[in-house]
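A short worksheet on the structure shown next.
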Amino acid sequence: VGSVLSSYGWYILLAAVAVYVLVQKVSRSLAARPSGRPGAAEAAEEPDVVVRRQEALAAARLRMQEELNAQAERYKEKQRQLEEEKRRQKIAMWESMQEGKSYKGNLKLNQQEVESGASVSAVPKSKPNKKPLRGGGYNPLSGEGGGTCSWRPGRRGPSAGG
């Protein structure tokens with residue numbers, strides 16, 4: 001026993017001090033807890049405080065749900081209006097096609113009327129005369145006047161490669 005204490009005495013002393021400090025910290029943390037049960041703190045509160053808190057929570061949830069319902073109703077109304085507008089445009093397009101008019105031009109006019117809305121003067125603006133991009137004699141199939149690009153067929157025969 002004496003040889004063990006002489007060779008490992010300091011290690012045993014340090015281990016004992018470490019165990020003592022550890023026990024002290026654990027006992028302080030257990031004493032700092034109000035109770036051994038985790039639910040005991042909630043039970044210590046007054047019942048009327050708990051009831052008021054739950055009622056406030058329920059009222060806040062109800063308010064948030066009403067706001068969500070109102071937003072959903074506004075979204076549905078907007079979608080309904082968009083669908084009605086699309087339906088009107090389709091009807092106008094169909095009527096213009098039946099009359100033999102260009103439905104795309106009519107659709108553009110309808111959109112301009114919707115955008116301008118308040119403008120009373122519906123005088124169409126005349127487009128300035130634009131010069132054509134190419135001359136009148138341009139024909140891409142003839143190969144003339146096309147500039148520097150020209151297509152030539154590839155060589156006949158077997159392809160080069162091994």
Side-chain angles (χ1 to χ4, degrees), residues 1-97 102-122 125 127 130 133 140 146-162:
V1 177
S3 65
V4 172
L5 281 178
S6 65
S7 58
Y8 298 109
W10 287 109
Y11 297 115
I12 293 173
L13 181 65
L14 288 175
V17 169
V19 168
Y20 177 75
V21 169
L22 186 66
V23 168
Q24 290 297 321
K25 286 194 178 208
V26 169
S27 66
R28 280 188 214 144
S29 67
L30 288 177
R33 279 190 179 172
S35 172
R37 292 186 317 155
E42 294 174 6
E45 292 183 15
E46 304 255 347
D48 57 344
V49 173
V50 173
V51 169
R52 273 186 282 166
R53 186 181 303 142
Q54 288 178 351
E55 287 174 353
L57 187 63
R61 285 181 181 157
L62 183 64
R63 216 174 27 248
M64 288 174 24
Q65 185 64 41
E66 288 173 355
E67 289 176 9
L68 185 65
N69 289 343
Q71 287 177 354
E73 191 63 33
R74 285 193 300 265
Y75 178 76
K76 284 180 184 178
E77 183 63 30
K78 187 186 287 186
Q79 291 297 322
R80 200 175 302 125
Q81 288 175 355
L82 287 174
E83 289 295 323
E84 181 67 22
E85 183 64 30
K86 283 182 184 178
R87 187 181 68 81
R88 283 191 207 126
Q89 285 181 355
K90 283 185 179 181
I91 290 172
M93 189 170 56
W94 176 255
E95 289 174 355
S96 66
M97 284 177 58
S102 170
Y103 68 91
K104 289 184 180 178
N106 191 11
L107 184 62
K108 288 179 185 176
L109 287 176
N110 286 341
Q111 287 177 352
Q112 288 175 355
E113 289 174 5
V114 169
E115 290 173 0
S116 62
S119 66
V120 177
S121 63
K125 296 181 180 178
K127 294 182 180 179
K130 295 182 180 178
L133 295 175
T148 59
C149 278
S150 64
W151 178 80
R152 292 186 180 173
R155 285 182 26 195
R156 293 185 133 201
S159 62

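Keep in mind that what you see is a predicted model, and the values were worked out from it rather than measured. Note: hydrogens, waters and symmetry copies are ignored here, and every other heavy atom, side chains too, is used.
A salt bridge is absent between R87 and E83: the closest approach of a Lys/Arg side-chain nitrogen to an acidic carboxylate oxygen does not fall below 4.0 angstrom. Ionic pairing of R88 and E85 is present here: one or more N-O contacts between side-chain nitrogen and carboxylate oxygen are shorter than 4.0 angstrom. Salt bridge annotation for R74-E77: absent, with no cationic side-chain nitrogen under 4.0 angstrom from a carboxylate oxygen.
Here the OG-CG distance, from S27 to L22, works out to 10.0 Å after rounding to the nearest 0.5 Å. Distance check, rounded to the nearest 0.5 Å: CG of L68 to CD of E73 gives 12.0 Å. Atom CG of residue L62 and atom CG of residue L57 lie 11.5 Å apart, to the nearest 0.5 angstrom. With rounding to the nearest 0.5 Å, the separation of NZ in K78 from CD in Q81 is 9.0 Å.
The side chain to side chain donor-acceptor pair (under 3.5 Å) test with N69 singles out one residue from Q65, Q71, E66, and that residue is Q65.
Remark: R28 engages no residue in a salt bridge (Lys or Arg N to Asp or Glu O under 4.0 Å) (not counting sequence neighbours).
Counting heavy atoms from C-beta on, the side chains of V50 and Q54 come closer than 4.5 Å.
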